[in-house]
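Working notes, beginning with the structure itself.
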Amino acid sequence: GLRVRTATALGLGGLMLVPYAIAAHQRNEVWRTEESLWHDVTIKSPRNPRGLMNYGLARMAAGDYRTALDYFHRALVYAPAYMHLEINLGIANGAVNNYQEAEAHFRRAIALEPNEDLPYYYYARWLDSQQRTAEAIPLLQTAIDKNISDALPRYLLMQIYSRQGDYARLAPLVERTAQLYPEDPDTLTYVRMVQTF
């Protein structure tokens, strides 16, 4: 009677939950890491430039620059005027010693978004790594002018000035940076360094 029907309904209800449990487990596997999440996006939405770029970023973070470049180039098909993608293409090409391609992508990033600070900073960082520091310095100064509160170009420029022993330029930069980040340990290191000269 009623007891048998209730037991059957509960049994069927339990069977119906099994697919949801399996789906939840599969979803958790996909979302386990940022890399697995973005890889899943590239499979399910192969024309999604953000998904392609972010999976490329995950591969680049793992040191797999060839795969990163492959996904960045795929993303470029769907987002041919995307500043962040151009920066990442510059970084990845630089990492595999494709110097001309790296420089072209950094320059394109600046051309796409000339009022943004990031392309200037990443291009300058690459130039400095290529011992082209004299070219990097004005780009870092431009990046700081574009976004006064971005710490990245300030720290790289302070590092360059201290490396060059250019304390006349280092001191005012450290003073301005200390006003912005008075508690930052790296800034305080430069403050102490400048005070000794």
Side-chain angles (χ1 to χ4, degrees), residues 34 38 49-58 60-61 65 68-69 71-73 75-194:
E34 196 169 332
W38 289 117
R50 184 165 177 255
L52 293 164
M53 185 186 78
N54 284 338
Y55 181 62
L57 280 171
M60 189 160 71
Y65 295 104
L69 280 168
Y71 278 86
F72 292 157
H73 283 118
L76 198 58
V77 172
Y78 306 108
Y82 187 22
M83 178 261 291
H84 292 281
L85 183 55
E86 291 291 341
I87 290 171
N88 291 322
L89 279 159
I91 294 168
N93 273 292
V96 295
N97 303 327
N98 293 338
Y99 300 129
Q100 285 184 318
E101 291 91 337
E103 189 152 16
H105 286 294
F106 287 126
R107 287 177 179 269
R108 173 125 169 90
I110 290 172
L112 286 170
E113 299 283 352
N115 294 319
E116 288 289 327
D117 60 308
L118 286 178
Y120 296 95
Y121 165 72
Y122 282 104
Y123 185 24
R125 189 181 76 165
W126 179 76
L127 286 169
D128 185 50
S129 76
Q130 299 302 304
Q131 285 75 51
R132 293 168 61 184
T133 305
E135 295 169 73
I137 289 171
L139 290 171
L140 291 170
Q141 291 165 335
T142 300
I144 291 167
D145 290 342
K146 301 282 181 193
N147 184 354
I148 196 165
S149 64
D150 187 357
L152 292 174
R154 289 178 172 281
Y155 287 126
L156 181 52
L157 195 52
M158 287 191 297
Q159 185 183 335
I160 288 169
Y161 287 157
S162 76
R163 200 170 65 214
Q164 294 177 336
D166 190 343
Y167 297 102
R169 286 199 204 172
L170 179 63
L173 179 59
V174 168
E175 185 180 341
R176 287 192 300 275
T177 306
Q179 289 167 356
L180 288 169
Y181 311 107
E183 306 297 322
D184 180 71
D186 291 331
T187 303
L188 293 172
T189 299
Y190 282 108
V191 167
R192 285 190 293 274
M193 182 189 300
V194 167

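Throughout, numbering of the chain's residues begins at 1 and tracks the sequence.
Scanning all heavy atoms of the two residues, the minimum distance from A75 to P49 falls at CB-O, 3.6 Å. The minimum heavy-atom distance between P138 and A134, with the atom names listed, is CD-O, 3.2 Å. In terms of heavy-atom proximity, A178 sits nearest to T187 at CA-CG2, 3.6 Å. Taking each heavy atom of A68 and G56 in turn, the nearest pair found is CB-O, 3.3 Å. Between L85 and A79, the shortest heavy-atom contact is CD2-O, 3.8 Å. Taking each heavy atom of L180 and S149 in turn, the nearest pair found is CD1-CA, 4.5 Å.
In this structure the side chain of I160 reaches within 4.5 angstrom of the side chain of L140, judged on heavy atoms. Side-chain atoms of L52 and H73, non-hydrogen and from C-beta on, never get closer than 4.5 Å to each other. Between Y190 and S162, some side-chain heavy-atom pair lies under the 4.5 Å cut-off. Between L152 and D117 the shortest side-chain heavy-atom distance does not fall below 4.5 Å. Put simply, the side chain of T133 reaches to within 4.5 Å of the side chain of Q164, judged on heavy atoms. With a 4.5 Å cut-off on side-chain heavy atoms, Y121 and L139 do not count as touching. Using a 4.5 Å heavy-atom threshold, the side chains of Y82 and L76 count as separate. The closest side-chain heavy-atom distance from N93 to L69 is below 4.5 Å.
Using a distance-only test at 3.5 Å, with no hydrogens or angles considered, a donor-acceptor pair links the side chain of N88 to the main chain of H84.
Sorted by first and then second residue, the salt bridge (charged side-chain N to carboxylate O under 4.0 Å, His left out) pairs with a member in residues 101-114 read E86-R108, E103-R107, E103-R132; sequence neighbours excluded. For residues 143-163, the pairs satisfying salt bridge (charged side-chain N to carboxylate O under 4.0 Å, His left out) are D128-R163, with sequence neighbours left out. Residue pairs satisfying the salt bridge (charged side-chain N to carboxylate O under 4.0 Å, His left out) criterion with at least one member in residues 168-192, sequence neighbours excluded, are listed as follows: D166-R169. Among residue pairs with one or both ends in residues 145-176, those qualifying as ring pair (Phe, Tyr, Trp, His ring centres under 6.0 Å) are Y167-F197; sequence neighbours excluded.
Put simply, CG on L188 and OG1 on T177 are 11.5 Å apart, with the number rounded to the nearest 0.5 Å. The structure places CZ of F72 at 11.0 Å from CD1 of I87, a figure rounded to the nearest 0.5 Å.
Between W126 and Y123, the ring planes lie parallel to each other; the angle is under 30°, not in the 30° to 60° tilted range.
Within 6.0 Å of CD1 on I148 lie no more than 12 heavy atoms contributed by other residues, nucleotides or ligands.
Looking at residues two or more places apart in sequence or on another chain, you find no ring-ring contact (aromatic ring centres under 6.0 Å, His included) involving Y122. Applying the ring-ring contact (aromatic ring centres under 6.0 Å, His included) criterion to Y71, with sequence neighbours excluded, gives Y55.
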Show your reasoning for whether side-chain contact (heavy atoms from CB on, under 4.5 Å) applies to M60 and I91. CA-CA 9 Å; M60 189 160 71; I91 294 168; 3.9 Å; yes
